[in-house]
Amino acid sequence: DDPELARWAKSVRWQFSRLRRVYTTTNPILSINSTLFVEEMLKDPYFTDQAIAKGTRLTCDRIRQLYRIGFVWHVSDHKWLIRYQQVKDFLLNSGSYNFIAGGRNDLAQWFRYQLKV
């Protein structure tokens with residue numbers, strides 16, 4: 001609960017969202033997930049500090065460092081990944097997707113929603 005750190009993280013996320021909006025106009029599939037976006041972006045030879053420089057103080061090196069420590073680029077993506085991991089763990093442990101029988105109504109609701117989207 002460090003207000004200064006929270007402001008900094010919010011600023012980084014804002015800069016990242018600007019960068020992501022520009023980059024995904026030419027590659028819309030990367031708009032799906034922030035982590036996927038960063039992984040693909042760091043592989044792209046076009047993606048240089050010079051390409052980033054317009055409108056953000058983020059550099060390739062800073063993005064790479066934040067990625068390595070598991071920075072949460074987008075809170076809703078992070079929440080989705082947590083749920084996804086819970087589904088994978090449930091399947092691994094129970095061998096089925098019968099969340100209700102396993103007492104995980106929360107996962108059943110989330111899973112049904114994912115199928116609709």
Side-chain angles (χ1 to χ4, degrees):
D1 294 289
D2 181 342
E4 190 174 328
L5 180 60
R7 278 191 297 277
W8 173 82
K10 185 176 181 178
S11 171
V12 168
R13 288 184 183 114
W14 181 81
Q15 291 175 57
F16 177 74
S17 70
R18 290 187 64 195
L19 178 65
R20 185 175 172 185
R21 268 193 302 265
V22 169
Y23 197 75
T24 56
T25 57
T26 59
N27 205 342
I29 193 68
L30 296 179
S31 64
I32 295 170
N33 180 284
S34 294
T35 303
L36 173 64
F37 170 76
V38 171
E39 290 170 354
E40 291 302 313
M41 180 188 70
L42 291 174
K43 293 180 200 173
D44 189 338
Y46 163 78
F47 207 77
T48 63
D49 286 344
Q50 197 170 27
I52 296 174
K54 300 171 186 170
T56 181
R57 290 181 301 200
L58 288 176
T59 63
C60 287
D61 189 50
R62 288 177 180 175
I63 291 169
R64 194 172 282 109
Q65 288 176 22
L66 290 168
Y67 174 74
R68 284 185 186 141
I69 64 168
F71 184 78
V72 175
W73 299 101
H74 197 276
V75 176
S76 65
D77 284 355
H78 181 68
K79 289 177 182 177
W80 188 91
L81 288 171
I82 288 171
R83 279 292 192 201
Y84 174 72
Q85 188 60 50
Q86 289 172 339
V87 167
K88 283 177 50 179
D89 292 346
F90 184 90
L91 179 61
L92 182 66
N93 293 327
S94 71
S96 79
Y97 288 102
N98 193 345
F99 303 113
I100 294 172
R104 293 300 307 266
N105 291 344
D106 58 326
L107 289 182
Q109 289 177 329
W110 183 84
F111 195 75
R112 274 193 303 268
Y113 178 77
Q114 300 308 307
L115 293 174
K116 291 178 185 177
V117 178

Only counting residues at least two apart or in another chain, list the ones meeting ring pair (Phe, Tyr, Trp, His ring centres under 6.0 Å) with W110.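 Counting only residues at least two positions away or on another chain, W110 forms a ring pair (Phe, Tyr, Trp, His ring centres under 6.0 Å) with W80.
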Hey, mind stepping through I63 and W73 against side-chain contact (heavy atoms from CB on, under 4.5 Å) and telling me if it holds? CA-CA 10 Å; I63 291 169; W73 299 101; 4.1 Å; yes
Note: with side-chain heavy atoms under 4.5 Å as the link, the other cluster members for I100 come out as none
Closest non-hydrogen atom pair, [X] against [Y]:
X: D106; Y: R104; value: OD2-NH2, 2.8 Å
X: F90; Y: N98; value: CZ-O, 3.4 Å
X: Y67; Y: V38; value: CD1-CG1, 3.6 Å
X: V72; Y: R13; value: O-NE, 2.7 Å

Quick one: pull up [atom1] in [X] and [atom2] in [Y] and give me the separation to the nearest 0.5 Å.
X: L107; Y: D89; atom1: CG; atom2: CG; answer: 9.5 Å
X: D61; Y: L66; atom1: CG; atom2: CG; answer: 9.5 Å
X: R20; Y: H74; atom1: CZ; atom2: NE2; answer: 6.5 Å

Same cluster for L115 and L81 if Ile/Leu/Val/Met/Phe/Trp/Tyr side chains link at under 4.5 Å? yes
Does either side chain, that of R68 or that of Q65, offer a donor lying less than 3.5 Å from an acceptor on the other one?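 The criterion, which ignores hydrogens and geometry beyond distance, is not satisfied for Q65 and R68.
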For atom CD of E4, is the number of surrounding heavy atoms from other residues, nucleotides or ligands below 6.0 Å larger than 12?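 Atom CD in E4 is not packed in, count stays at 12 or less.
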Would R18 and W14 count as a side-chain contact (heavy atoms from CB on, under 4.5 Å) here? Give the steps. CA-CA 6 Å; R18 290 187 64 195; W14 181 81; 3.2 Å; yes
Over 60° means perpendicular and under 30° means parallel, so classify the ring planes of F111 and Y97, tilted if in between.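 Parallel.
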The test is side-chain contact (heavy atoms from CB on, under 4.5 Å); show your working for W8 and L5 and say whether it passes. CA-CA 5 Å; W8 173 82; L5 180 60; 3.9 Å; yes
